[in-house]
Amino acid sequence: MAAANHSPSSPYSCAKDSGPVIPTTSLVTFLERVQETAFQTYERSKFDHKDFIDLSLKFDLSTTVKAFDEISKTENGSVSTKDFEEFIGKWFKSAGEDLVYVEPMDFETEPYGFLPKVENPEVRAWALEVHGLWKKLSREVSSSVHDHPELHTLLPLPVPGMIPGSRFREVYYWDSYWVIRGLLASKMHETAKAIVTNLISLLDTYGYVLNGARAYYTNRSQPPLLSAMVYEIYNRTGDVDLVKKALPALLKEYQFWNSEIHTMIIHDAENCNHSLNRYYAMWNKPRPEASAIDKRFASKFLNVNEKQKFYRELASTAESGWDFSTRWMRNPSEFTSLSTTTILPVDLNAFMLRMELDIAFFAKIVGDDAIAEDFLTASHTRKKAFNSVFWNENMGQWVDYWLNYGAEPKEPQTWEAQNQNQNVFASNFVPLWIDLFNSDTPLVEKVTRSLQSSGLLCAAGIATSLTNSGHQWDFPNGWAPIQHMIVEGLWRSASTEARKVARDIAERWIRANHVAYKKTGTMHEKYNVEKCGEYGAGGIYRPQVPFHLHIFLA
Ligand SMILES: OC[C@H]1O[C@H](O[C@H]2O[C@H](CO)[C@@H](O)[C@H](O)[C@H]2O)[C@H](O)[C@@H](O)[C@@H]1O
């Protein structure tokens, strides 16, 4: 670790976990019990914990629970594989049955003006095949979910949309930004707008955009990119009605992220206070979608309060979208040292800055100059905070900031150089994506040189970190969203050198995606950036396909 005074000792031992908890449904609680039995019944390699929490009931919950009690009445509570499988078949519909295939409303096999710059016939044919995946990923929520929500963990959504694929059978928040960029490249503007409509409906119902459209995701959000989605669609379509509909929702989302749990104040050397954001889930129990696993990790903590604090860290890390990574651990070799709520993350604050700039832009469009003015001021204030809190001049990177354990949200903490996490993560370069930074050519050139010497640039793209921990958001995995934000940021600058680096990274990434596609016939969630054409591994679930339709070709 870069800073010597961050002892790896447990952050959970002192104060009591007192944060908010959003209660879950009785169905989720029961399905966790079923998942635990599956965990004991099956071999680890044949088991995906999420499959059991995504089941929907054929009959009402209390009758199903009684039937499960019956088969669990053995001496040690264990259930034979045969009894368990019979029970699942009799009482549940399979995971995914509550989402119904629907023909996308604006899909064309080769849309007019599709990827005009791509001339190479092989790449063009591949791009068209990838474009064709929209037909596979298009879904709407079944009528049963609307009529009998109590039988499903899937949440009702008003219009059809796209799902990421495989075990991810529901809409996800931050993934949707890249889904929308892909849809725009595919000229599917109406489907892109439909995705925004669904996310706004979640925001209207819950007060924030959920991690994903499931009852077990109602206690947290994910990296806030709704404003960026609306911006991209408006940019291509000029749809002012969309902006009018989205603006009140975005103002509500801005409030959510600036509520007490998500903000901390840093007092800098120039006597200025900076209000910055952190991830903080409203949950202190195992994540229902991975409950059996979370409980086993937490078994090392003997006291209830320590367990609760650890569970909150697990859920807060899921809120970050980077679940899991050494980025969030005070001791990179000890998973239980996860301490996400005591970090001010660079990328989250870059997304908040983007939200402020986008809201100011939308307010101007609808003629609300007062809101536009307020949000422009907020963006300048945050830009100053970036320079004071996150910027590390020696590294030429913006780095995450460690908070002191047990600090209260309203209590300002004094900025200390040793609290900057000087480990190298791809997130240190995400601010490049924001125009306020990528328009500053000398700054971009400094950050580009830092990226080139960081060790993150590999044969097949940008690695997530430099630590090979076995966690999926670490080396040697590379993720499409990260490649995209950094490449787009560099490409938007006026620096010839930065644009050259952007092109080089995009070519490496696309080549690796293409080689993997030829080998496996599909797109992957993550890739091994050390080996061109190999998909990524690690983490708590098997690698997923098809995934994040890349958009650099656009
Ligand atoms: O089931 C484990 C976790 O799965 C999700 O996280 C991962 O997949 C998401 C969907 O593609 C992606 O947005 C995220 O970046 C991935 O780490 C889910 O979001 C987590 O909450 C969940 O615990």
Side-chain angles (χ1 to χ4, degrees), residues 22 24 28 31-32 35 39 47-54 95 137 153 155 161-180 182 195 199 202 208-226 229 279-283 285-295 297 311-325 327-328 335 338 340 345 347-348 351 426-427 430 464-465 471-474 477-485 523-526 536-549:
I22 303 257
T24 190
V28 169
L31 290 174
E32 279 184 73
Q35 182 197 77
F39 193 80
F47 170 81
D48 186 337
H49 39 269
K50 188 171 176 298
D51 289 348
F52 293 89
I53 208 86
D54 290 355
L137 297 172
T153 57
L155 298 175
M162 294 288 168
I163 51 157
S166 300
R167 78 196 286 271
F168 298 117
R169 312 171 181 94
E170 52 283 313
V171 164
Y172 280 80
Y173 183 8
W174 79 314
D175 300 52
S176 295
Y177 173 79
W178 288 278
V179 168
I180 284 175
I195 289 171
L199 298 181
L202 290 173
Y208 45 93
V209 184
L210 307 184
N211 179 147
R214 287 274 176 188
Y216 52 80
Y217 285 146
T218 54
N219 52 54
R220 60 180 181 262
S221 188
Q222 251 197 343
L225 290 174
L226 182 61
M229 299 180 210
Y279 292 108
Y280 196 97
M282 293 166 284
W283 191 241
K285 300 187 187 91
R287 290 166 306 148
E289 75 280 14
S291 154
I293 293 182
D294 288 3
K295 277 187 205 153
F297 276 118
Y311 288 140
R312 193 180 293 280
E313 295 302 337
L314 285 167
S316 301
T317 313
E319 185 170 68
S320 79
W322 279 50
D323 46 313
F324 290 98
S325 167
R327 183 179 171 199
W328 313 113
F335 185 57
L338 266 186
T340 310
D347 46 359
L348 170 60
F351 300 147
S427 45
V430 166
T464 312
S465 76
H471 295 293
Q472 63 169 354
W473 285 87
D474 266 321
N477 285 345
W479 293 73
I482 301 294
Q483 318 295 317
H484 172 252
M485 287 184 284
M523 300 296 293
H524 298 264
E525 179 193 29
K526 50 195 180 259
I540 60 166
Y541 55 83
R542 266 173 259 132
Q544 302 296 299
V545 295
F547 237 82
H548 291 309
L549 310 187

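Both counts, for ligands and for their atoms, begin at 1 and track the order of listing. Remember, it's a predicted structure, so these values are computed and weren't measured experimentally.
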Subject >> OG1-CE distance between Thr218 and Met282, expressed to the nearest 0.5 angstrom >> reply: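 Here the interatomic distance stands at 8.5 Å.
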
Original post:
Which ligand 1 atoms are under 4.0 Å away from a heavy-atom of Trp473?
Top reply: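 Close to Trp473: 15 (O), 17 (O).
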
Original post:
With a cut-off of 4.0 Å, which atoms of ligand 1 are near a heavy atom of Arg220?
Top reply: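 The atoms of ligand 1 under 4.0 Å from a heavy atom of Arg220 are 21 (O), 23 (O).
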
Looking only at non-hydrogen atoms, which of [options] approaches [atom] most closely?
atom                    : options                : result
atom 1 (O) of ligand 1  : Arg287, Glu525, Arg167 : Arg167
atom 23 (O) of ligand 1 : Lys526, Glu289, His471 : Glu289
atom 19 (O) of ligand 1 : Leu210, Thr317, Asn211 : Asn211
atom 13 (O) of ligand 1 : Asp175, Ile163, Ile53  : Asp175

At under 4.0 Å between heavy atoms, is it the side chain or the backbone of [X] that contacts ligand 1, or both, or neither?
X      : value
Trp174 : side chain
Trp322 : neither
Gln472 : side chain
Asp323 : both

**OP:** Write down the atom of Ala426, the atom of Trp322, and the distance for their closest heavy-atom approach.
**Re:**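 Looking at all heavy atoms of both residues, the shortest contact is N-CH2, 4.3 Å.
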
Subject >> side chain to side chain donor-acceptor pair (under 3.5 Å) partners for Thr317, two or more places apart >> reply: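 Thr340.
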
